[in-house]
Amino acid sequence: MQDVDVVIIGAGAAGLAAAKTLRAAGKSFRLIEARDRIGGRAWTTDTDFGVPFDIGCAWLHAADRNPFYPEAQAAGWTLYHHDAGLDHLWFGTTRASDADMARLAVADEALREAIEAHADPDDRLSDLIGNCHFLRANATYAGPMDFARDADEISIADYQSAECLDPNYFTLEGFGALIHRWGADVPVTLNCPARLLRWDGPGVAVETDQGTIRAHAAIVTIPTGALAFDALRFAPELPLSHRAAIFDLPMGLLTKIPLQVTGTRFDLNPFDDLLIEGLAKHDLYFLCFPFDLDLMVGFVGGDFAWELEAAGEEAGVDYVTGKLVSIFGSDTRKHVRKGMMTNWAGDRWARGAYAAARPGKADARSTLAEPVADRIWFAGEALGGGLKQTAAGARISGETMGKAVAAHLG
Ligand SMILES: Cc1cc2nc3c(=O)[nH]c(=O)nc-3n(C[C@H](O)[C@H](O)[C@H](O)COP(=O)(O)OP(=O)(O)OC[C@H]3O[C@@H](n4cnc5c(N)ncnc54)[C@H](O)[C@@H]3O)c2cc1C
């Protein structure tokens with residue numbers, strides 16, 4: 001007496017990919033989504049600046065392996081090759097000299113080698129960085145701005161198993177808009193949070209605000225952060241292995257604070273990477289004037305991002321504006337028209353940006369990838385393999401789990 005073969009929970013990149021895979025395999029499914037839109041953490045909007053802006057994912061990472069890259073080309077998206085680097089650096093209010101930049105390049109190589117050579121999976125990334133500020137400046141990309149957690153909360157083993165994300169492409173029309181376009185042909189029930197997943201009878205029964213759906217199997221793509229906040233409950237409870245894995249894959253936070261800056265370019269070029277290094281990991285990165293738009297997109301990550309989002313948008317915009325003033329002078333303020341701040345911490349269906357394993361817990365990813373009682377499969381960016389944390393990884397994970405479920409159902 002099942003309604004469909006598979007119920008899929010969450011219509012982000014992973015859920016949409018699972019649905020497309022099941023459809024291709026001839027399986028029936030119902031895809032339900034708590035929000036009033038598809039895409040999840042892939043979301044482009046033009047309401048703030050009158051031009052497309054990605055609130056969530058923006059870079060098409062690992063374009064040579066990223067299934068969204070050919071989609072972007074086919075859709076005629078405007079693509080710009082942009083691998084994160086460091087064009088301009090300030091240590092606080094002191095501009096780094098050419099000699100500093102040279103030392104930084106050496107430190108970058110040293111850090112990369114130390115990570116590659118490191119064997120003890122229990123160690124924290126911070127153990128390799130210490131107090132050298134050249135290493136710290138580099139490690140801001142390895143840590144808060146990339147893994148979205150501070151280096152002392154990053155498992156070296158988890159970090160090591162992430163693939164290099166070059167080549168990276170940025171789009172004018174928006175990565176979120178691309179994923180929306182790609183997913184538009186999938187039937188989705190919106191505004192339909194799943195509340196309880198029962199697996200005490202045959203198959204599964206998912207209780208939602210729009211009734212109960214019965215299926216042979218479920219694919220759950222809810223972010224680990226939202227699962228840890230009981231965005232979905234399970235009856236009976238999940239096995240301890242899976243519950244522990246969810247808590248061992250907490251969300252990191254990456255926060256964008258874009259400023260609309262008009263009437264000046266500060267002698268910067270479009271797509272320049274600018275970093276203002278602070279103490280206590282209060283680092284602030286700017287992607288400068290992408291596509292020559294009047295935007296300087298500030299980013300903070302890790303613990304500082306949680307602090308700034310807690311302080312609120314006004315405080316965030318004020319802080320970032322103040323930092324620009326501190327390096328470019330007080331005239332700067334009159335060029336800043338407006339700003340906004342993303343708030344993934346307060347987003348109840350995400351509770352953060354993306355997952356990173358706790359030090360010593362890198363195995364949590366493979367544990368969570370194991371099906372529960374051949375009825376519940378998890379998918380999403382946390383299970384994205386070498387492309388973990390990325391939209392491409394989420395899609396690949398959805399496809400992988402979709403195939404596994406289809407094969408299981410026969
Ligand atoms: C600020 C930021 C910047 C990023 N930058 C990049 C980048 O540049 N490049 C990149 O590749 N990736 C980036 N990412 C990561 C990328 O956005 C994610 O990895 C990817 O979008 C996750 O897809 P997903 O399907 O796993 O999860 P999600 O997109 O979160 O989809 C899960 C869905 O489940 C829904 N849901 C939750 N609870 C329930 C429930 N109880 N019932 C029903 N539905 C529910 C959610 O609403 C959501 O739509 C970024 C993320 C953030 C936040």
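These numbers come from the heavy atoms of this one structure, side chains and all, not from hydrogens, waters or symmetry mates. Whatever order the structure lists ligands and atoms in, that order sets their numbers, starting from 1.
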Pairs of nitrogen or oxygen atoms closer than 3.5 Å, one from [X] and one from ligand 1: do any exist?
X	answer
W59	yes
A392	no
A194	yes
A391	yes
K256	no
A394	no

task: Check whether more than 12 heavy atoms from other residues, nucleotides or ligands sit under 6.0 Å from atom CZ of F266, and answer yes or no.
output: yes

- prompt: Quick check: are there more than 12 heavy atoms from other residues, nucleotides or ligands sitting under 6.0 Å from NE2 of H180?
  reply: no

What do you reckon, does [X] put a non-hydrogen atom under 4.0 Å from ligand 1?
X	result
N66	no
G39	yes
A58	yes

- line: Heavy-atom closest pair (T390 atom, E381 atom, distance to 0.1 Å) is O-CB, 3.9 Å

field: Which atom of I179 lies closest to which atom of C57, heavy atoms considered
entry: CD1-SG, 4.2 Å

- request: Validate the cation-pi geometry between K338 and F49: distance from NZ or CZ to the six-membered ring centre under 6.0 Å, angle to the ring axis within 45°.
  value: yes

message: Quick check with a 6.0 Å cut-off and a 45 degree axis cone: is K256 positioned over the face of F53's six-membered ring?
response: yes

statement: Nearest non-hydrogen protein atom to atom 26 (O) of ligand 1, with distance, is E381 N, 2.9 Å

query: Do R30 and T189 have side-chain atoms, one donor and one acceptor, less than 3.5 Å apart?
result: yes

